[in-house]
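Below is one structure, written out as structure tokens; the observations come after it.
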Amino acid sequence: MGIAEFFQHLTNGLTLGGIYALIALGYTMVYGILKFINFAHGDVLMVGSYAGLFIYNALRGDAPLGPWVLIAFFLAMLASMVISALLGVTIERVAYKPLRKATRLAPLLSAIGVSFILSNSAAWAFGTNSKKFHYPFDNTPFVFKGVVITPHQILILSVSLVMMIILKIFIDRTRMGKAMRATSLDQQTAMLMGINVDRVISLTFSIGSALAAVGGILIALDFKVYATMGTMTGLKAFVAAVFGGIGNITGAMLGGILLGILETFGVAIFGIPSGLKDTIAFGVLIIILLVKPAGLLGKDEKEKV
Amino acid sequence: MKKSLLITVALVALISVSVFAGGSGETGPKIGFIGPMTGDNANYGILCNNSVILAVEQFNAKGGIDGKLKVTLVTEDSEGVPEKGLSAIEKLSSSDKISGLIGPVFTGVAFAVGERVQNEGIVMLSPSATHADITSIGDYVFRTVVSDGLQGEVAGHYFYEKLGYRTIGVLYAKNDYSQGLFEGMTASFEKAGGKMIISEAFQVGDKDFKTQLTKIRSANPEAIYIPNYTAEMAQILEQASQLGIKIPFLSCDGFSNPDIYNLAGDFTHGVVYVGPAQVAESLAYAKFKSDYEKKFGVSPDSFATNAFDGANILLGAMEKVYKATGTFDRKAIRDAVAATKDYQGVTGTVNFAENGDIIAYQGLYRVNGTTPEYIGTFTVVDGVLTQVD
């Protein structure tokens, strides 16, 4: 393999991984606080993408590419973050909160139910064919010594990076972040210390869902919007979260990026047939569970969020 | 005891009354259609189903069978999935009791449904299932589309001889249609003297082809063959351009669906594809096209054109059998379809080979911007590429 090809695969893998990381954050934050996997996360992403698409199309109209279209795109992204956050919080209130004292299996099953309700409703309401999300900018690629990178890929990398840094600062430096960390360590004690646990949980769901909406819109530019778009992406991001150490935020970022690179390089370098690309993620999941169940950065059941 | 006897008698009476009632007014026969009516591939199913609707409507408008029996069309959605296709044929065969089937639209579904119609003895005419082995299922399976056997053969020879490519790369889907074309084209391309230097696969429904395309880009073939359906091909063409791939793309009859231009836009420019042979715009075709456009507001694609001929051949066979025997005997209808001789349809002159394949030619197209331009009509005779017009 030539140098150019290597770096091309690396670029492709990094961008794919950036998106996985963004979505994995939602899984890992919820797990950190509630010790439960929110399987409806991928479908919140899907709803966020539809919302983003409709708002963007409405704002843009027939306008040709230009600054206004970019503004429309970011406005649509903001709006879809808000909508997804509201949806995430609502789902938590309706489908998970009443089950907080039930067995650990109950909210998991409830989550799977919510996931089906969302994706089937979307298929019913918006149809099952993919909808194109037009680039808000000219996506002509740049070429550096044989390695091609599109403006869209740069957008993915920079948006994911910025989002992750903001999140990291929020959790490490702010009072609310501190409350989240405390809740994840021990809900009972946190409550005794005067932390409003319900508010912390709602906040967790809204942040995770808003990030999912961003991830969804970024993927949609390349892969279009469709009712089942959250399923495979969600599963992969879940694997990324487990890979990095579920409950650990830095772990989710690392896990996402590594998974994207592994998927790309598995086919390109290790000679895994390209038809089996999707199985790489799940192979990784099994190996991690067998070898290091706590994940790369997991510290065996301590310090979450 | 007495009471139950009474009920039994009443029931028997009721049943016999309804049986006789059914017998008095002869009801028209039904034909079935199976294709993807929803989902990412619904564009193929809907266009074909329109053709069958049109054919049945025109047939009934002329009086129907023997001037008195109206034919009813029952459409079932397969979503392009074999399992759904199987439950569709189950319903059509046992509950609707169809006399014949147009479809399925997809090769994978046609394999599953083909086995069933063969066992049930229902004649089936697929407008679009192109895999070389479809008609080997049995003598009840026909198609009004050219087998991949021929499509692949013409493709391989044409790419080598006329386009002058010596090396080729392939990106295909792991389904019967795509893989069948890939294998057929490769065999004939290599027999002609070329070399297939890289083949990459993906799963149906994949959206990200960058890894495969990057590998193909590095192998640097003279051309890339993508025998797929529109949703995937649009995605591939767009991502290839994002990767700065300048290698020309070659494709198959899946490219003749106009939806590709909505999905892929300008990325289609320069693609050369093997599609249906264009018959010198016959009057029959012109009338079909205008009737179709008037009724449905869209243009028929090549599969839909095939479906129209298939439906009319089936209707003709049913009428012939009814006139001769007064019934819709499925075996007789099958024989009548097989006996089709020089049927003048909208796709040209239709004859069936012994195995149920249509005897036909292939067309070559080159896309200019978003408009396909016809290059010519070709076939392969004894391993030699021959231009027909």
Side-chain angles (χ1 to χ4, degrees), chain A residues 1-2 4-13 15-16 19 123-124 127-132 134-135 139-144 146-153 219-224 226-229 231-233 260 263-269 271-280, chain B residues 36-46 77 79-81 170-175 178-179 182 198-220 229-232 234-236 238-246 259 262-267:
Chain A
M1 179 185 307
E5 192 187 348
F6 176 84
F7 279 101
Q8 186 68 62
H9 284 304
L10 190 66
T11 316
N12 298 346
T15 38
L16 197 59
I19 292 180
W124 172 77
T128 45
N129 52 339
S130 315
K131 294 195 179 1
K132 190 157 172 54
H134 290 278
Y135 295 103
N139 201 35
T140 312
F142 306 109
V143 185
F144 303 108
V147 182
V148 175
I149 184 161
T150 60
H152 174 231
Q153 285 178 310
I219 316 178
L221 285 175
D222 245 3
F223 303 155
K224 306 186 172 60
Y226 50 102
T228 50
M229 67 183 287
T231 315
M232 188 48 93
T233 330
E263 272 197 354
T264 316
F265 277 43
V267 173
I269 297 180
I272 296 168
S274 40
L276 292 178
K277 203 171 144 212
D278 281 344
T279 43
I280 295 175
Chain B
M37 303 299 290
T38 58
D40 259 356
N41 298 307
N43 50 332
Y44 291 102
I46 291 169
D77 182 11
E79 294 175 34
V81 182
V170 184
L171 180 54
Y172 67 98
K174 283 273 179 196
N175 66 22
S178 192
Q179 196 152 355
F182 154 58
I198 182 164
S199 68
E200 290 290 317
F202 59 86
Q203 297 294 342
V204 177
D206 276 5
K207 304 278 172 182
D208 181 17
F209 306 100
K210 289 210 172 100
T211 309
Q212 290 95 323
L213 285 169
T214 303
K215 284 181 77 177
I216 293 175
R217 190 182 73 175
S218 301
N220 200 22
Y229 294 120
T230 47
E232 277 97 7
Q235 205 71 24
I236 291 171
E238 186 170 347
Q239 290 176 13
S241 124
Q242 288 171 4
L243 285 169
I245 293 177
K246 301 271 191 288
D259 210 35
N262 300 331
L263 292 170
D266 288 339
F267 298 119

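Heavy-atom basis, side chains included; hydrogens, waters and symmetry copies ignored. As the structure is a computational prediction, the values presented were derived from the model and not from experiment. Chain letters run A, B, ... following the sequence lines, proteins first and then strands; every chain starts at 1.
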A/Asn12 and A/Thr264: side chain donor to acceptor below 3.5 Å: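 No, because no side-chain N or O of A/Asn12 sits under 3.5 Å from a partner of the opposite role on A/Thr264.
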State plainly whether the residues A/Asp278 and B/Lys207 are in salt-bridge range, i.e. N to O under 4.0 Å.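 So A/Asp278 does not pair with B/Lys207 through a salt bridge.
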Decide, yes or no, whether a salt bridge links B/Glu200 with A/Lys277 under the criterion of side-chain N to carboxylate O below 4.0 Å.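 No, B/Glu200 and A/Lys277 are not salt-bridged.
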Could you check which of B/Arg217, B/Gln242, B/Gln203 has the highest count of heavy-atom pairs closer than 4.5 Å to chain A?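 Answer, by heavy-atom pair count under 4.5 Å with chain A: B/Gln242.
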Using a cut-off of under 4.5 Å on heavy-atom pairs, state which of B/Gln235, B/Gln239, B/Gln212 scores highest against chain A.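 The answer is B/Gln235.
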With a 4.5 angstrom heavy-atom cut-off, is it the side chain or the backbone of B/Glu238 that approaches chain A, or both, or neither?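 When you check distances to chain A, only side chain atoms of B/Glu238 fall under 4.5 Å.
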Under 4.5 Å from any heavy atom of chain A, what part of B/Asp206 do you find: side chain, backbone, both or neither?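 Answer is side chain: those atoms of B/Asp206 sit under 4.5 Å from chain A.
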Close side-chain approach of A/Lys224 and B/Leu263, heavy atoms under 4.5 Å: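 Of all side-chain heavy-atom pairs linking B/Leu263 with A/Lys224, at least one is under 4.5 Å.
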Could you check if a side-chain atom of B/Tyr229 sits within less than 4.5 angstrom of a side-chain atom of B/Asn175, using non-hydrogen atoms only?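 Yes, close enough: below the 4.5 Å cut-off.
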Assess whether atom CG of B/Asn262 is packed by more than 12 heavy atoms of other residues, nucleotides or ligands within 6.0 Å.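 Count over threshold, so yes.
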Could you tell me which portion of [X] (side chain, backbone, both or neither) has an atom closer than 4.5 angstrom to a non-hydrogen atom of chain B?
{"X": "A/Phe265", "answer": "neither"}
{"X": "A/Asp222", "answer": "both"}
{"X": "A/Val143", "answer": "neither"}
{"X": "A/Leu16", "answer": "side chain"}
{"X": "A/Phe142", "answer": "neither"}
{"X": "A/Thr150", "answer": "side chain"}

Rounded to the nearest 0.5 Å, what's the gap from CG on A/Leu221 to CD on A/Gln153? Could you check?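 These two atoms lie 12.0 Å from each other.
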Any chance you could lay out the side chain to side chain donor-acceptor pair (under 3.5 Å) test for B/Asp77 and B/Thr38, step after step, and finish with the verdict? CA-CA 7 Å; B/Asp77 182 11; B/Thr38 58; 2.8 Å; yes
Report the option among A/Gly13, A/Ser130, A/Ala227 that has the most heavy-atom pairs separated by less than 4.5 Å from atoms of chain B.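 Most heavy-atom pairs under 4.5 Å with chain B: A/Ser130.
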